[in-house]
Amino acid sequence: MERSQRIKQLLLDFVALKTYTGTSAEQNNRLFYEQWWSEVPYFQNHPDHCGSYAIPNDPLDRSVCWAFLEGEMKETVILIHHTDTVDVLDYGPYGKVARDPLKLADLYKQGVLPLPDDAKADLLSDEWLFGRGVSDMKSGAAMQCALLEEYAIDPTFKGSVLLLGVPDEENMSAGMRGAIPLITSLQKQYDLHYRLLINSEPHERERDDEAVIYDGSVGKVMPIVLARGQLSHVSEVYQGLNAAELLAAVVRQTEIDPWFVETKHETTIPGATWLSMRDRKVNYDVSLPLLAGGYLSVLQLTHTPTAIMEHLKSSAEMAFHEVLMDRAKRYKTYREKANSPMPLLAAKPLVLTYQELCQAVIQQDPSETTQIQQMEETLSEQVKQGTVAFDEANFQLMEYTLSLWLQKDPVIVIGLMAPYYPAVSNDDLLGSEWITTALEELEQTVMRPQGEQLAVKHYFTGISDMSYAMFTADPKEVSAVEQNLLFFGGAYDIPFKEIEQLNVPVLNIGAWGKDLHRYTERVNIPDLLEQAPKRLDTLIQWGIHSHHQ
């Protein structure tokens with residue numbers, strides 16, 4: 001079967017399987033690979049070169065599916081793609097056909113589901129395939145699997161290739177983080193020299209004839225904030241301090257704060273934004289909220305976790321101060337009108353990192369280290385059993401630690417919540433200069449003859465598993481993450497040491513797609529079946545042979 005037919009067949013087979021992220025349906029990725037392994041003679045003859053690697057302690061029993069083509073040369077390219085997709089709720093009553101691109105196209109042509117003008121034009125062109133996962137990112141899986149099949153029967157292909165289908169990319173990248181021990185163990189077992197890691201997320205275009213390849217990936221930090229006010233009855237509001245007011249002031253101070261806007265090369269990331277904020281009251285009563293919490297998403301290129309924490313701490317101190325000043329001004333009106341005014345709460349701005357809070361608690365009683373650890377283990381087990389959501393567990397751990405502190409004044413505590421994605425760029429990695437030459441050669445010899453241009457961008461801004469292929473930051477940043485990221489080393493972990501030993505260059509080479517995560521998700525058929533596999537094949541070959549060139 002020729003390459004284009006094989007890619008299409010593999011894509012349709014994989015898309016038909018339900019692998020919705022964060023659900024037990026992600027286990028279905030094994031069904032696709034088990035079928036694939038049975039169809040490829042190389043893996044029938046080498047059953048020890050493929051398998052499913054169970055993610056340790058995973059509450060959903062998910063696995064990384066892998067296949068290793070062992071060549072004469074030890075030079076090895078790692079191919080990764082994620083196997084999970086978002087769900088099909090946005091398709092409404094037609095969710096059942098969202099994973100059947102051919103039936104879905106018929107429905108669209110019948111006008112059953114309204115399409116925006118651009119999507120309708122693509123549909124009528126017959127050059128786009130619609131459906132959940134056709135672009136993000138089972139198209140990448142289909143291309144990688146088809147190429148590996150070709151290499152397995154090509155006597156001129158001397159290199160080695162390790163293919164990984166990882167779950168959970170749309171959530172916390174448990175698949176890629178869990179795959180690092182597999183990658184390193186195979187490296188030791190077969191004495192492999194990893195030259196390049198290629199991800200195949202789809203790309204969007206500014207020009208129809210200009211494909212995009214990324215040689216890095218944006219980072220993401222998720223600070224979590226817990227504000228504690230002063231409890232009081234609503235009739236004595238001036239003697240209390242509303243935790244919701246404190247948190248709201250921090251949100252107002254930091255939402256799309258220009259400090260977070262970074263530009264490096266051609267990439268500019270937006271300011272940080274809050275994904276959740278709420279008081280922590282469980283039941284109604286007439287007292288002020290004592291606690292309020294929230295978390296925000298921070299994209300980063302060069303800002304370190306330490307710098308981000310320091311800026312947030314400074315911003316929170318400023319917000320705290322402004323709340324107290326504003327309350328004093330507003331209290332003045334009440335005091336002037338009341339015959340016997342109640343006093344105004346005397347408070348001072350106090351902001352701590354989670355690490356500083358833990359140190360304060362342990363300093364007053366070293367035995368409380370054990371209590372914090374026990375609470376963390378209890379909450380981790382509840383998360384694993386599905387009785388507590390992970391973000392809620394983070395709040396509960398912060399609240400428990402704060403409750404142990406004998407100082408009861410109003411305070412704002414800032415920590416980090418999973419997931420953490422380090423920013424990665426080949427620019428930061430010694431020995432990756434050959435990639436620039438390879439990309440120039442790709443454009444000149446492969447793409448331009450078929451009427452295509454190439455745009456190389458330094459950062460994939462959609463967040464990706466490439467973040468765990470290298471770690472080039474100051475080692476102090478590992479400590480900053482470990483000490484402030486709740487549940488680190490327990491319910492959530494990043495194998496920093498193994499990643500630093502891996503330190504492999506990265507590229508994202510995928511097919512042209514549009515409207516990812518929407519009901520109009522689609523992939524360009526000519527690019528998927530013809531051009532994108534050529535780009536991918538060319539860079540795999542360069543990765544294998546770059547040390548000889």
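Reckoned from all heavy atoms, side chains included, excluding hydrogens, waters and symmetry mates.
Ring pair Tyr42/His46 is parallel by interplanar angle, where below 30° counts as parallel and above 60° as perpendicular. Aromatic ring pairs are classed by plane angle as parallel below 30°, tilted from 30° to 60° and perpendicular above 60°; the pair His49 and Phe68 is parallel.
For the salt bridge (charged side-chain N to carboxylate O under 4.0 Å, His left out) with Arg522, the lone residue among Asp515, Asp527, Asp136 that qualifies is Asp515. For the side-chain contact (heavy atoms from CB on, under 4.5 Å) criterion with Val506, the lone passing option out of Asn199, Asn426, Ile78, Ile435 is Asn426.
Between the side chains of Ser200 and Gln144, a donor-acceptor pair is found at a separation under 3.5 Å. At a cut-off of 3.5 Å, with distance as the only test, a side-chain donor of Glu170 or His517 sits close to an acceptor on the other residue. Side-chain atoms of Thr19 and Lys138 include a donor-acceptor pair closer than 3.5 Å. Residues Arg30 and Ser63 bring a donor and an acceptor atom of their side chains to less than 3.5 Å of each other.
In terms of heavy-atom proximity, Leu104 sits nearest to Val97 at CB-O, 3.7 Å. Taking all atoms of both residues into account, the shortest heavy-atom contact from Val218 to Ser467 is O-OG, 3.7 Å.
Proximity of the aromatic rings of Trp36 and Phe43 is defined here by a centroid distance below 6.0 angstrom, and this criterion is met.
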Q) Does the ring-ring contact (aromatic ring centres under 6.0 Å, His included) test come out yes or no for Phe130 and Tyr519, once each step is laid out? A) CA-CA 8 Å; Phe130 288 71; Tyr519 77 94; 9.3 Å; no

